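Take a look at the structure below.
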Amino acid sequence: MIDLKRLRTEAEYRSGIERKRVRSGLVEEVLAVDAEHRALLARVEELRGRQNAASKAIGKAAPDQRAAKIAEAGVLKDELMALEPSLSEVEARVRELALQVPNPADASVPDGGEGDGEVVRVIGGEPPAPALDHAAFAEAMGFVNTEKAVEMSGSRFAYLMREAVMVELALVAWVLGQVGAQGFVPVMPPVLVREHAMEEAGFFPTDRQQVYEVDEGALFIVGTSEVPLSALHRGEILDADALPLRYAGFSSSFRREAGTYGKDTRGIFRVHQFDKVEMFVFASPETSAEEHERILAIEEAIVSALGLPYRVVNIAAGDLGAASAKKFDIEVWLPSEGRYRELTSCSNYHEFSARRLGIRTRGEGGTQLVHTLNGTACAVGRMLVFLFEHYQDGGAFIVPDVLRSFTGFERVEPRNS
RNA sequence: GGAGGGAUGACUGAGUGGCCGAAAGUGCUCGCCUGCUAAGCGAGUAGGGGGUGUUUAUCCUCCUCGAGGGUUCAAAUCCCUCUCCCUCCGCCA
């Protein structure tokens, strides 16, 4: 949720929103309805004040004067009742519109849309394509079965099988250890949440079409453990000394991938269900930018330890999600496609989601909203895609060094060939 | 699945229609006192919106006692719905 007060008083705040490709006229509309709301609120409050005073007077009045005073207060009540429905109607409109307004882009975010991100750095080379691309290799090795999964569940589902399962689990265990060493508390959260959790995390209403709905709309399946992690301190006033609070959620993630027909149909690059270790941080506003860099550094350390060539991109304003004020993607070189593809991303939400969640700290001048940040420690399935290409040796698969103590094997030979 | 009890400020907990945004205690903050510590004494201590503005001051005002709705001139208190917690019974691991 944006700060309406800042929207109407700070030009920079407003331009940060407008840099994010918002529906034209939305900002003007919000401001107009907000003004209407405040004007009406003043009238209603004035009436309520008089009504409150009149009611109090009845309690103190002598018994023989009560009847007259009750009649008097009744008139005020009727006036109020005539006005209040329009107030709640305007309130609902402000809220509905404000929910559609994205978090303003940070000043350090470049202008433009998809493809206009700023490449911050490039690490590693651009090795040539292996004999088989990730999908063909995974199938040849018996690591992935999409055919039967598609019959059973539909496109973009897959069975992960054999040694690949052990590599998947090794990645999870290793990554949780890495982030644990950085102070992130491991969490396995519920993946079914109520609607308000989706809204407060910043996903509803804007990304509703990406989310699976179950139990007749009572519950929604999360597309990232960011949602249940964000709710971990819902409604709390946190001790400033306790910040930053860092969590690492491990869960399956589910995405409808609406509007991606025909994109990334090979293998398990883009699927409806995948496992992910996600970092989530509640930070003070003063340190959130620093914390963002820290999360990025951890992501880079993980990709580097796996020996993958990558680049860091500062995502352009028009390509940011609604809740994000700033986002870094790590894109890893995918040899078969001869280009960098997104593996992780980390965002600073500033106080956008904290406002909806009601998460604050106590400072000198009262309470202030915390900042929330999130970042992918490891999107496991997507990571496998890159490993399947970068760790081919002849027809065999080599287990990355750092995972070997978890898998118990170093190499998987080609099957029946 | 059935029956009953409950949800109040950072915490414990009183409060069945007006004198209640709310007793008391704990905690915390400040001051006093005590040679130190402990104890004692006094004061203060919820969140949010709007207006004003000398713009993290002051002041005015409205809302909030799990959430939403209703009754009433007036609701923490009465009624309805929902969410959650507890106890007992049943069922199942």
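Remember, it's a predicted structure, so these values are computed and weren't measured experimentally. Throughout, protein chains are lettered first and strands after them, A, B, ... in sequence-line order, and every chain is numbered starting at 1.
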**Message:** I need a per-nucleotide contact map over nucleotides 44-49 of chain B, read 5' to 3'. Cutoff is protein heavy atoms under 4.0 Å; write B for the base, S for backbone only, - otherwise.
**Reply:** --SSSB
**Request:** Mark up nucleotides 70-86 of chain B, 5' to 3', with B wherever a protein heavy atom is under 4.0 angstrom from a base atom, S wherever such an atom reaches only the sugar-phosphate, and - elsewhere.
**Result:** --BBS--------SS--
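Spacing between atom CG of A/D241 and atom C1' of B/A10 amounts to 15 Å, rounded to whole angstrom units. If you measure from atom CD of A/E91 to atom P of B/C62, you get 16 Å, rounded to the nearest angstrom. The NZ atom of A/K5 sits 12 Å away from the P atom of B/U56 (whole-angstrom rounding). Straight-line distance from the CG atom of A/L80 to the P atom of B/C62: 11 Å, rounded to whole Å. Distance, A/L87 CG to B/C63 P: 11 Å, rounded to whole Å. Remark: P of B/A10 and NE2 of A/H233 are 17 Å apart, rounded to the nearest angstrom. Distance A/E199 CD to B/A67 P: 17 Å, rounded to the nearest Å.
Applying the salt bridge (charged side-chain N to carboxylate O under 4.0 Å, His left out) criterion to A/R294, with sequence neighbours excluded, gives A/E291. For A/R38, the side-chain hydrogen bond (donor to acceptor under 3.5 Å, both in side chains) test picks out A/D34, with sequence neighbours left out.
Distance noted for atom C1' between B/G21 and B/A76: 10 Å (whole Å). Rounded to whole Å, the C1' atom of B/A23 lies 10 Å from the corresponding atom of B/G13. Across the P atoms, B/U58 and B/C73 are found 39 Å apart, a figure rounded to whole Å. A gap of 13 Å separates the P atoms of B/C65 and B/A7, to the nearest Å.
Nearest approach of A/S252 to A/V191, heavy atoms of both residues: O-CG1, 3.7 Å. Among all heavy-atom pairs drawn from A/Y247 and A/F184, the shortest one is O-CD2, 3.2 Å.
Annotation: cation-pi pair A/R382/A/F269 present, NZ/CZ under 6.0 Å from the ring centroid and within 45° of its normal.
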**Prompt:** Can you check side-chain hydrogen bond (donor to acceptor under 3.5 Å, both in side chains) on A/Y349 and A/E226, steps first, answer last?
**Reply:** CA-CA 12 Å; A/Y349 281 7; A/E226 182 191 328; 2.6 Å; yes
**Request:** Could you walk me through whether A/H350 and A/D106 pass side chain to side chain contact (heavy atoms under 4.5 Å, CB included), step by step?
**Result:** CA-CA 9 Å; A/H350 288 170; A/D106 190 80; 3.3 Å; yes
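Within the structure, salt bridge (Lys or Arg N to Asp or Glu O under 4.0 Å) contacts touching residues 91-102 of chain A (residues at least two apart or in different chains) are A/E36-A/R93, A/E89-A/R93, A/R95-A/E199.
Comparing A/A42 and A/A57 against RNA chain B, the residue whose closest nucleotide sits nearer the 5' end is A/A57.
Classification of A/E213 and A/R256 as a salt-bridged pair fails, no side-chain N sitting under 4.0 Å from a carboxylate O.
The number of heavy-atom neighbours closer than 6.0 Å to CD of A/E114, taken from other residues, nucleotides and ligands shown, is 12 or below.
A/F157 and A/H272 have tilted rings, their planes meeting at an angle from 30° to 60° on a 0 to 90° scale.
Between A/N52 and B/U61, a side-chain N or O to OP1/OP2 separation shorter than 4.0 Å is absent.
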**Fill in**
Writing each nucleotide of RNA chain B 5' to 3' as (, ), [, ], | or . by Watson-Crick or G-U pairing under 3.5 Å yields ((((((((.[[[..)..(.....]]]((((((.......))))))((((((.......)))))).[[[[[..)....]]]]])))))))....
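Note: A/F203 and A/F220 fail the aromatic proximity criterion, with ring centroids not under 6.0 Å apart.
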